[in-house]
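All ligand and atom numbering here is 1-based and tracks the order in the structure. Being a predicted model, the structure only gives us computed values, none of them experimental. All residue numbers in this chain count up from 1 along the given sequence.
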Amino acid sequence: MAGIYIHIPFCRQKCYYCDFYKTVNTGQTPRFIKAIQQEARKRKDYAGSEKIETIYFGGGTPSVLNGNELAEILQFFRKEFEIVKEAEVTFEANPDDLTVNYLETLYQAGVNRLSIGLQALQNEHLKRMNRRHDVQQAIASVNDAQKAGFQNLSVDLIYGLPELTINQWKSTLKQIFSLPFLHLSAYHLTYHQGTPFYTWLKKGTLKELDEKESVEQFEILIETAERYGFEHYEISNFAKNHLYSKHNTSYWTGKKYLGLGPSAHSFNGNSRQWNMAHLEGYLKAQENNLPFFEEEVLSENEKFNEYILTRMRTKWGIQEQEIRNIFGSQVLNAFQKEIENYLQMELIKKENGNFTFTRKGLFISDDILSNLMII
Ligand code: SF4
């Protein structure tokens, strides 16, 4: 089974922390829709004969598409690809786009998983990030989405924001968990080079949250989510009723995926491809049959690193036997030697030949993972 990712590169305005590829030139949407169809036709065989199990509209802001545009894209994929009947179709949306009418249109078009970017529940933080919505719209969007029929609802939050106090974070979580969603993605703020937040941090006009407070916010997040019956199944992701994101889980478990649109990445088990992150260049390339991506064939070491980095992020972790089967006994021996320290420090635990992070280990997972990789 494989997945399709479609990068919708349009945003109505740019958030100050965001480094995803996007443009505010939404007038190019009709040309873009043609271009992704052209790209999809060319790369139809990318995942071999595997059927499509997940379709993910990410961005940018997919909710800049109108109902007809979305229906056209989905009809195209249903015609051109073999998509399983119960396929997960995820659509990322901003709260201010989610009117009752629009929600109904999305549902009728075949979107069965909605991911709403709430990010914060204080207007001062939303404003500082340059989000377009306010708290009221954020809360209404989740309630309205449920009324429109969406059961598989996910919300996104950001913690570690400048000046986000522990009390504000606790109050955000308390309010959030009173809403009818079954999946939560919560990421710590990253200051990406090239974003206004990064510039302000360097200038000293924005102050990074103290590390101790960031860790405390992560702890509060995990404890609160678990108290509300959410399973912590990936470092930044929580799900109730086993409603894991199938699409993202396929990234973490090494499945193939085809990424369409500017800046989209693809993976076929042996190589990675990434499309040019430039809308006009991408459109011209599709219209005139020009090259539009770069490719990197993964070495055995890179495949191992990828395997460790992605699998260890999840609650399913990695299995000794699987490492031996895929990479051989020598790699397994080296890995066992490397991991011994972490087992003794109780940062990683081993159960029935399966390695996963302990709660303590999760907090420094990035450091541990970089030490486990083969250089
Ligand atoms: S966070 Fe989302 S809406 Fe904001 S600029 Fe980035 S892609 Fe656009």
Give a yes/no on ligand 1: does Q119 have at least one heavy atom closer than 4.0 angstrom to it?
no
Less than 2.8 Å from atom 8 (Fe) of ligand 1 is the window; count the protein N, O or S atoms in it.
1
Could you work out the complete set of other residues in the hydrophobic cluster of Y56, with links drawn between I, L, V, M, F, W and Y side chains under 4.5 Å apart?
Y5, Y233, Y244, Y251, W252, Y257, F267, L298, W316
P162 versus K207: any side-chain heavy-atom pair under 4.5 Å?
no
Side-chain contact, heavy-atom cut-off 4.5 Å: Y187 with S185?
yes
Could you tell me if N325 and Q319 have a donor-acceptor pair between their side chains, going purely by distance under 3.5 Å?
no
Output field: ring centroids Y159/H188 closer than 6.0 Å:
yes
Is R43 paired with E39 through a side-chain N to carboxylate O contact shorter than 4.0 Å?
yes
